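Keep in mind the model is a prediction, meaning the values are calculated, not measured. Reminder, nothing fancy here: chain letters follow the sequence lines and each chain counts from 1. For the numbers below, each heavy atom of this structure counts, side chains included, while hydrogens, waters and symmetry mates do not.
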Protein chains: 2
Amino acid sequence: MTKKRVTLADVARLAGLSTTAASMILTGRPDTRLSVEAHAKVHAAAASLGYRPNVAARALRTDKSRSIAFISDYVATTRFASGLIRGALAAAEEAKHVMLVLETGGEPAREIQAVEAALDRQVDGLIFAAMRAREVFVPDLPINVPTVMLNGTSARFPVSVLPDEYRGGQRVVERLLEAGISDGVVLLGHNAEVEAGLFRSETIARRFAGIRAAMKAADMAFLAELSCWNWEPGHGYELTRKVLKSTRPRAILCLNDRLAFGAYQALAEARLSVPEDVAVVSFDNDELASYLRPGLTTIGLPHEEMGRRAVELLLGEASAPQLIEMPVIERGSLPRV
Amino acid sequence: MTKKRVTLADVARLAGLSTTAASMILTGRPDTRLSVEAHAKVHAAAASLGYRPNVAARALRTDKSRSIAFISDYVATTRFASGLIRGALAAAEEAKHVMLVLETGGEPAREIQAVEAALDRQVDGLIFAAMRAREVFVPDLPINVPTVMLNGTSARFPVSVLPDEYRGGQRVVERLLEAGISDGVVLLGHNAEVEAGLFRSETIARRFAGIRAAMKAADMAFLAELSCWNWEPGHGYELTRKVLKSTRPRAILCLNDRLAFGAYQALAEARLSVPEDVAVVSFDNDELASYLRPGLTTIGLPHEEMGRRAVELLLGEASAPQLIEMPVIERGSLPRV
DNA sequence: TGCATTTGCTAAATGCTTTTAGCAGGGGGA
DNA sequence: TCCCCCTGCTAAAAGCATTTAGCAAATGCA
């Protein structure tokens with residue numbers, strides 16, 4: 001019922017040439033000495049038959065499959081992390097590659113299986129993506145294809161794509177200054193261990209470092225530093241409520257948008273308006289940020305750009321880690337000057 | 001430098017048998033008459049060499065690649081839609097398949113390319129996923145592999161996986177009744193065209209139908225029906241504000257969580273508390289729903305389960321559309337009785 | 001013992017493309 | 001005229017696993 005696949009031999013036959021000729025012409029080899037007419041005939045034949053090369057056969061011969069694997073711990077636990085995938089997907093498509101997505105839940109056994117499954121399929125490259133930036137576990141298997149780390153690092157594979165958190169940290173402080181705020185700033189989400197880079201992620205440590213550096217450069221100090229372990233809305237809410245009992249900040253600098261969300265809730269309860277009474281600024285550009293009233297000004301995690309860059313690095317040549325700029329997303333939670 | 005791949009021939013040689021024997025033993029053919037010792041020797045040889053079959057060669061021969069393609073319009077525009085991917089990924093992994101993810105942005109040209117790219121790679125099945133449930137455009141190409149529609153429908157491919165919106169619609173009303181609310185309910189997000197199934201999605205039309213049916217069964221009527229085209233927080237906020245000027249509802253039934261989010265904002269501004277003054281209930285189980293204070297009770301879109309089911313249908317045998325139950329996710333936005 | 005099965009295994013073909021090695025014929029130089 | 005080189009093309013091998021067809025030895029049955 002289903003028509004048999006059109007093969008290269010069919011094309012060659014129709015063109016009246018050998019498969020060798022057809023292959024060379026269709027793959028666009030530059031050094032060939034085939035005539036212009038031969039080119040024309042082969043292309044015409046391929047087009048009229050609707051020829052599509054058999055990727056498996058080609059992969060068997062060339063060990064290239066025009067596909068890459070995207071191996072991540074979690075696809076979407078932090079919800080905008082899908083931006084990583086989206087960016088990678090777009091870049092892969094442009095390069096006419098296809099992307100295998102594999103999820104490991106961070107479990108070593110599944111990591112191993114994922115890498116094997118990918119390698120078995122002769123992928124041309126591996127991307128290890130971490131949903132929260134951190135040192136990534138890479139299984140100790142022989143990996144003989146280009147590999148890049150996305151939103152994470154690995155001692156074994158030096159090519160990585162990370163957000164430029166240090167610069168982002170500086171920016172948020174600079175942005176506060178531009179808005180005329182140089183004191184009365186509360187830091188929400190501070191955590192000593194994280195800051196020391198002991199836990200969670202070194203990139204967040206760099207975010208802190210950038211903030212500290214810019215504060216120092218501007219001769220500023222925080223009114224208070226509110227510490228918490230998890231950065232969920234509930235924590236932001238509680239901490240903000242607590243701080244409002246004793247003091248009245250001019251601004252709250254939140255370490256992520258979910259904390260900011262909680263802060264908004266506490267501010268609304270206290271009948272304080274953003275940004276007139278209290279300004280809020282944050283990190284991530286979570287989808288949430290646009291839902292808040294007023295919209296939350298935040299330093300965005302450039303996930304889509306990062307995903308894209310990872311694929312470009314993989315398919316091009318690269319050996320150095322890449323830092324992607326974190327844009328400041330202007331909404332309405334800082335006063336206009 | 002890189003060691004050459006170990007092939008089946010290597011395994012056979014080490015085992016002292018033919019590649020035929022090795023192949024039959026490793027692929028676990030049932031009808032074989034090879035001896036127990038032969039089995040043992042081949043397995044031992046394969047293990048000691050770390051043999052992994054070359055998937056390309058196998059695909060070339062068998063036309064099976066142990067991979068499926070997940071072709072979607074948008075990966076994550078609605079953010080929890082990644083649940084579809086996550087569920088599919090998990091099921092694929094269990095079936096030892098690998099998943100190609102392709103994004104088309106809903107553009108016909110990219111759809112065609114995506115299908116071709118997938119077919120070229122001999123995928124064993126196609127999933128067409130739509131981020132908002134609707135009739136999906138499937139390119140008019142010969143597709144000779146099993147295909148299932150996920151969160152959408154197609155005249156050409158009858159196998160689909162959809163949320164059971166009709167039942168979900170009934171449930172939300174039943175849940176309201178259980179909470180002791182039988183009047184003073186405002187419907188937020190009504191839209192005549194949508195309800196008639198003319199636009200957007202028939203599944204949302206079914207959601208309406210379920211709601212209407214349950215209302216009628218309980219002899220209830222809405223206090224008001226607030227119409228809007230897009231279901232974003234801003235609209236929920238505006239409409240709720242407006243309705244609060246003229247009346248004081250007992251409950252707001254929102255068509256999605258983002259509308260509910262806006263409603264919360266308006267209620268907070270009006271100093272009305274949830275659920276004591278006004279109860280809120282909604283649809284989707286957006287991540288948002290857990291961030292709100294109090295948490296939003298909502299009829300969940302079972303995306304993960306849907307993705308999983310799609311893969312199971314693809315790899316098993318199935319011919320009928322599947323309706324997946326929408327769970328009611330209890331949080332705190334309805335009064336306890 | 002003689003013949004038919006069964007058992008246990010293998011040679012070789014197959015799937016489709018890429019690539020190496022090389023052929024036939026024509027032209028140019030000496 | 002002879003030799004070499006270039007042009008335009010092709011035959012055949014290689015890449016690796018699956019599968020068909022079939023062989024040799026052992027066993028069963030009469």
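Looking at residues 112-121 of chain B, you'll see that no heavy atom sits under 4.0 Å from any atom of DNA chain C. Heavy-atom distances under 4.0 Å link DNA chain D to B:Tyr51, B:Pro53, B:Asn54, B:Ala57, B:Arg58 of residues 45-60 of chain B, given in residue order.
Across all strands shown, A:Ser35 has heavy atoms under 4.0 Å from sugar-phosphate atoms exclusively, and none from any base. The residue B:Ala22 sits apart from the nucleic acid: no heavy atom pair falls under 4.0 Å. At the heavy-atom level, B:Thr7 lies under 4.0 Å from the strands shown only through sugar-phosphate atoms.
Between the CG atom of B:Leu34 and the P atom of C:dG8 there is a distance of 9 Å, given to the nearest Å. Atom P of nucleotide C:dT17 and atom CD of A:Gln122 are separated by 16 Å, given to the nearest angstrom. Summarising the geometry, the separation between NZ on B:Lys64 and C1' on D:dC16 is reported as 19 Å, rounded to the nearest angstrom. Distance CG (B:Leu26) to P (D:dC16): 16 Å, rounded to an integer number of Å. Rounded to a whole Å, the CG atom of B:Asp63 is 13 Å from the C1' atom of D:dA17. Rounded to whole Å, the distance from NE2 on A:His39 to P on D:dG8 is 10 Å. A straight line from CE of B:Met24 to C1' of C:dT10 spans 10 Å, rounded to a whole angstrom. Rounded to a whole Å, the CZ atom of B:Arg61 is 10 Å from the P atom of C:dC16.
Between the side chain of A:Arg66 and the backbone N or O of A:Ala95 there is at least one donor-acceptor pair closer than 3.5 Å. The closest donor-acceptor contact from the side chain of B:Asp124 to the backbone of B:Ser65 lies under 3.5 Å.
In this structure, B:Leu323 CG and B:Met306 CE are separated by 9.0 Å, a value rounded to the nearest 0.5 Å. Distance check, rounded to the nearest 0.5 Å: CD of A:Glu116 to CZ of A:Arg121 gives 11.0 Å.
B:Asp120 pairs by the salt bridge (Lys or Arg N to Asp or Glu O under 4.0 Å) definition with A:Arg52, not counting sequence neighbours.
Position along DNA chain D of the nearest nucleotide to A:Glu37 versus B:Thr62 favours A:Glu37 as the more 5'-ward residue.
Salt bridge annotation for A:Lys41-A:Glu37: absent, with no cationic side-chain nitrogen under 4.0 angstrom from a carboxylate oxygen.
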